[in-house]
Amino acid sequence: MDYDPQVIEERWRERWASEGRYEAEPTADDGAIEKTFVTVPYPYPSGGMHIGHARTYTVPDVYARYRRQRGDAVLFPIAWHVTGTPIVGAVERLRNGEQRQIDSLQNAFGVPEADLRELETPMGYARYFIEEAASSYKRGMRRLGLSIDWRREFTTNDERYSRFVTWQYETLRERRLLEKGKHPVKYCTREENPVTTHDLLEGEEAEFQEYTLIRFEWERDDDVVIAPMATLRPETVRGVTNVYVDPAAEYVLATVDRESWLISEPAVEKLRLQQRSVEVVERFAGERVVGERVRNPVTDEAVLVFPAGFVDADNATGVVMSVPAHSPDDYVALREVQADAERLARAYGLEEASIRAIEPIPILTVEGYGTVPARTAVEDAGIDSSDDPRLDEVTTALYRDEFNDGRLTEAYGPFAGDVVRDARSSFRERHRDRGHFDTFYEFTEEVICRCGGAVAVAYQDTWFLRYDDPGWKEKAHRAVARLDAIPENTREQYADTIEWLNGWPCIRNYGLGTRLPWDPTFVIEPLSDSTIYMAYYAIAHRLEDVPVEELDREFFDTLFSGPEAVDDPNETAIALREEWEFWYPVDVRCSGNDLIRNHLTFFLYHHAELFEEPHWPRGITVMGMGLLEGRRMSSSKGHVVLPGDAIDRYGADTVRFFLLNAAEPWQDYDWQAEEVGTTRDQLERFWHHAQTIIEADRSRSSSELPSTEPDGGRSQLERIDRWLLANLQDTIREVTDALERFETRTASQVVFYRFEERLRWYRRRTDLDRPGAQSTLRAVLETRLRLLAPLIPFVTNELHEQLTGLPADDAPWPDPDHALEAPQVSAEERLVSALYDDIAEVASVTGTDPSTVRIYVAEGWKRQVLRAVVEQASGTDGVPQVGTVMASVMENDALRERGEEVNTVVARLIETVRDRGAGEVEHLDEIDELDVYDDASAFLSREFDAEVVCVPETETDDEKATDAIPLRPAIRLE
RNA sequence: GCGAGGGUGGCCGAGUCUGGACAAAGGCGGCGGACUUAAGAUCCGCUCCCGUAGGGGUCCGUGGGUUCGAAUCCCUCCCCUCGCACCA
């Protein structure tokens, strides 16, 4: 029978679906059956499924299948995340006929022209990629053979799900873990609307930058005008020697929140968006204020306003302060101003001397620079003009060094001696509280909306999840402490994330999802509506029968906290509570390692707050990223592989096996077509070997009576059979351990690749037609099929059923059989393979093709020495010392007489023994070497095409024989 | 800069926690052989250097150290990847 995965796999898919094989039900709670609840983040169908997703969902499937074989009730559900703007945005771009969007759908996911119309509503779009498209998630998941309970699927836009999220957010608000605050957002000034990253034409990488505004004061007539200097380095305020404006740009005098401010014209609109009232009073060119004096609020010093072409009136307030001691730009600019002092003095009515008198004011010391760091930086680089392109580099370098190593001077009082990185934010807070500083948001680069309008920072009212609440943080830490974090080194990352999290703005102005219950103009954003939905899975399919109106606060309070939590508990909720309690907590959540810093930590936070401790998550397994032929996958560039295509080409088992075996789940992996092809070949080879065994088994059982021997035929087993079966027991143990820890790669390496290697040796080593060999091979195949079933379910179920009449899924997980463990046999077999290598090496080095191989086995006193070494070794953890061994050996008169000879043998034996594991050492002196080599002589004779003779060294007069030492026979080739 | 993870043979990648079987698993690639009309598939062997007797030499980013013994432990330095947020 040929290996045809397409036929085999389709047959099993249909069988599983029609049997409802993976539909999970709670079992009677008599403690006899354990449960396992495994989840994976629900997919976001803003496009089709690619091969990276396939791995994400296959890893938990392996665990689900493994636990099922162990007898657990296993729940592995899935749903669909449609919250937020990505889908809405994609639909909009499609409606606008944007070619980039169309190309991406067609190239990456093979969407046919005719289907594009279906994608013109958000839920139509979502539905398409959930189940209709050739590249849809559901199709991909079914084809991969994921053991999902499909009855529980839902989307995050469903009415009932929204009621559940509503319950969550109302509860959090009541507990004051949800609070109102302000937050910067991207805002299109043309459409007058907030926008998301997907709506941008330019500046997708732009970040919000929080500028500090230093409120310099300009006394003008009787009025005090605030000149707000925008800076990212507020701690340099004491080093200001002057300020700059762009003389050619338009500036205004405006009333800002009832004060007079001097700002550039473009800053007016920005300030308005940042929730300030701004009325322009007067407009003029920047030149108008040159030569004025403004007073530093921190030092009380007044400094001059100079003109500078480098000032960008479009950035922040258009008024900047100059700190020549610490900014190479300012340093060079000041020198240029001073060189031009005469003209400036004349033009703006200043005293030339006061311009020339300006000196940089150092405010911090930093290693590797002089007292005026900017001067050092500029002079070392040999820069003498503000046009020098290297000015940027030295500026960046100096900013970095000052931030990390710069220590503030005495003038800073309480901050004196502090490193900037530690002092900056508290320094800023302090002066903000005193009314010296203000805040202004600006992007790091220009941002343009797809509509062509400029995007600015708007500072808006929003709701925050209080991840910074100390009580909540503490609970989250407790959830981390009791978590089974896989791999273990992620535990610290969760803890770090908790420490680092502040308030999280959890609503958006538009998008799909659940509305904020008390203000439906907002929608709860995707990372915030997906923190406890695993609880919803437990009862999702049951809620279908509950009228939506019944799903109120009390309903969910009853469901999750018990009937005593409310006055009038809903009967259905009480019934469903049992079901929920059966499945909860989540035993393992599998997710991408990039989600540690948000989703996974949120998941812990919300569970810790909303559920009792026994219902907190038990484990999280984190997964690595995928590469495609060494490069990052990218659906917009069409650099993707679709699971459907891969399955058509190689079969689902191959795709699974490759993904599971390419790396451990948490490591990054690389999809390489060539390697996948090899995997397919290996499965095919496995299939053919299995077929041979199955056929032999059939013809045997039809022609022979079943074995009636009381030991089940074990007496027919030879040493080499026992060796293979002993290996099988080790394999069972190792695979079980590996799967418990999600080490899918180790599991497949051990049971598949490493065992294939053992089988290769076995096949060479023995006559496979013996009944003992036949039954060994059959037993090995059956066990391996069960061990492989979680990884490659189609081919193993098929073969297991062919072999035993029962699918592998229905067969219990194998347990190691102690009667078959045989450490001594393993030690013996190592001697045979070492002997084989030695013969081969001698033959090759000497260039001989022997017709006779004589093997001389050490005897007599040498065995006594071995015994002494082994005794010492077992006393010292497997590491015998030469001195102690010699001492004990020399107590024996006969041995002492041999002196130097004994010494040599001891040294060599100690070396050999050290090379063995402690478990093996104790068996070494029990081995009957002659018997072992005799036993292997047929094999050796076949391999070397020579006569093989084993003789004790005492029974020959060949000089060579004296070279024999225990465990290392002497060899003569003739 | 801070935080996390890395640097192993032509390539990919185990090994590092818990030092000793490590010239270092496995795969890929390459070479040779068997089978075949041939190709493919499959099977076997070889694949750091030297060696006409099972041996020796060099090796795991760099440079030191600890140890009878270091890819593995400690220190120095160099390099790479990811994250430093409100995008899912």
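The shown structure was predicted, so the numbers you read here are calculated from the model rather than taken from an experiment. Excluded from the calculations below are hydrogen atoms, water molecules and symmetry mates; all remaining heavy atoms, backbone and side chain alike, are included. A note on names: the letters A, B, ... follow the listed sequences, proteins ahead of strands, and every chain is numbered from 1.
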### Query
Quantified in whole Å, what is the C1' atom distance between nucleotide U36(B) and nucleotide C80(B)?
49 Å
#### Entry: Distance test, side-chain N/O of Q749(A) to OP1/OP2 of G27(B), below 4.0 Å
no
Please write out the pairs of protein N or O atoms and N or O atoms of nucleotides 50-54 of chain B separated by less than 3.5 Å, giving the distance to one decimal.
{"unit_1": "G51(B)", "atom_1": "N1", "unit_2": "E841(A)", "atom_2": "OE2", "d": "3.4"}
{"unit_1": "U52(B)", "atom_1": "O4'", "unit_2": "V845(A)", "atom_2": "O", "d": "3.1"}
{"unit_1": "A53(B)", "atom_1": "N1", "unit_2": "I971(A)", "atom_2": "O", "d": "2.7"}
{"unit_1": "G54(B)", "atom_1": "O2'", "unit_2": "D838(A)", "atom_2": "OD1", "d": "2.8"}
{"unit_1": "G54(B)", "atom_1": "O2'", "unit_2": "R968(A)", "atom_2": "NH2", "d": "3.2"}
{"unit_1": "G54(B)", "atom_1": "N1", "unit_2": "P969(A)", "atom_2": "O", "d": "2.9"}
{"unit_1": "G54(B)", "atom_1": "N2", "unit_2": "D838(A)", "atom_2": "OD2", "d": "2.8"}
{"unit_1": "G54(B)", "atom_1": "N2", "unit_2": "P969(A)", "atom_2": "O", "d": "3.0"}
{"unit_1": "G54(B)", "atom_1": "N3", "unit_2": "D838(A)", "atom_2": "OD2", "d": "3.4"}

### G6(B) and A14(B), which share atom name C1', separated by this distance in whole Å
15 Å
### Task
Look at all strands and tell whether R745(A) reaches a base, only sugar-phosphate, or nothing, counting heavy atoms closer than 4.0 Å.
base
### Euclidean distance, atom CD of residue Q493(A) to atom P of C2(B) [Å, nearest integer]
18 Å
### Query
Considering heavy-atom distances to RNA chain B, does R597(A) or E675(A) have its closest nucleotide positioned more toward the 5' end?
E675(A)
### Message
If you only use heavy atoms from C-beta on, which nucleotide in A88(B), G45(B), G27(B) is closest to the side chain of Q682(A)?
### Response
G27(B)
### Task
Mind calculating the distance between CZ (R754(A)) and C1' (G27(B)) to the nearest angstrom?
16 Å
### Query
Could you give the CG-to-C1' distance, from D468(A) to A85(B), as a whole number of Å?
14 Å
### Message
Work out how far the P atom of A4(B) is from that of U62(B), and round it to whole angstrom.
### Response
24 Å
### Task
Cation-pi check, R233(A) to Y399(A): give yes when NZ or CZ is under 6.0 Å from the six-membered ring centre and within 45° of the ring axis, no otherwise.
yes
### Message
Taking any heavy-atom pair under 4.0 Å as a contact, classify E743(A): base, sugar-phosphate, or nothing.
### Response
nothing
### Stepwise side chain to side chain donor-acceptor pair (under 3.5 Å) test for Y933(A) and E929(A)
CA-CA 6 Å; Y933(A) 302 139; E929(A) 274 191 83; 2.8 Å; yes
## Note on the structure
When W500(A) and E664(A) are each assigned the nearest nucleotide of RNA chain B, the 5'-most assignment goes to E664(A)
### Message
Taking the six-membered ring for Trp, are Y467(A) and F602(A) closer than 6.0 Å centroid to centroid?
### Response
yes
### Summary
G40(B) -> Watson-Crick or G-U wobble partner, both distances under 3.5 Å, gives none
### Message
Categorize E684(A) for me: base, sugar-phosphate, or nothing, with a 4.0 angstrom heavy-atom threshold over every strand shown.
### Response
nothing
### Message
Applying the ring pair (Phe, Tyr, Trp, His ring centres under 6.0 Å) criterion to Y42(A), which one of Y137(A), W80(A), Y57(A), Y533(A) satisfies it?
### Response
Y533(A)
### Query
Do the side-chain N or O atoms of R763(A) get closer than 4.0 angstrom to the phosphate oxygens (OP1, OP2) of C43(B)?
no
### Task
Scan L527(A) against the nucleic acid and name what it touches under 4.0 Å (heavy atoms): base, sugar-phosphate only, or nothing.
base
### Task
Taking atom P in both C17(B) and G5(B), compute the distance separating them and give it to the nearest angstrom.
16 Å
### Task
Kindly assign one of parallel, tilted or perpendicular to the pair Y836(A) and F944(A), based on the angle between their ring planes and the thresholds 30° and 60°.
tilted
### Query
What's the CD-P distance between E943(A) and C43(B), to the nearest Å?
16 Å
### Task
Measure from CZ on F602(A) to P on A85(B) and round the result to the nearest Å.
14 Å
### Task
Determine whether the aromatic ring centres of F742(A) and W666(A) lie less than 6.0 Å apart.
no
### Message
Students often get this wrong, so: under 4.0 angstrom with heavy atoms, is N502(A) touching a base, only sugar-phosphate, or nothing?
### Response
base
### Query
Is D958(A) salt-bridged to R854(A), cutoff N-O under 4.0 Å?
no
### Query
Has R597(A) got its NZ or CZ under 6.0 Å from the middle of the six-membered ring of W500(A), at an angle within 45 degrees of the ring axis?
yes
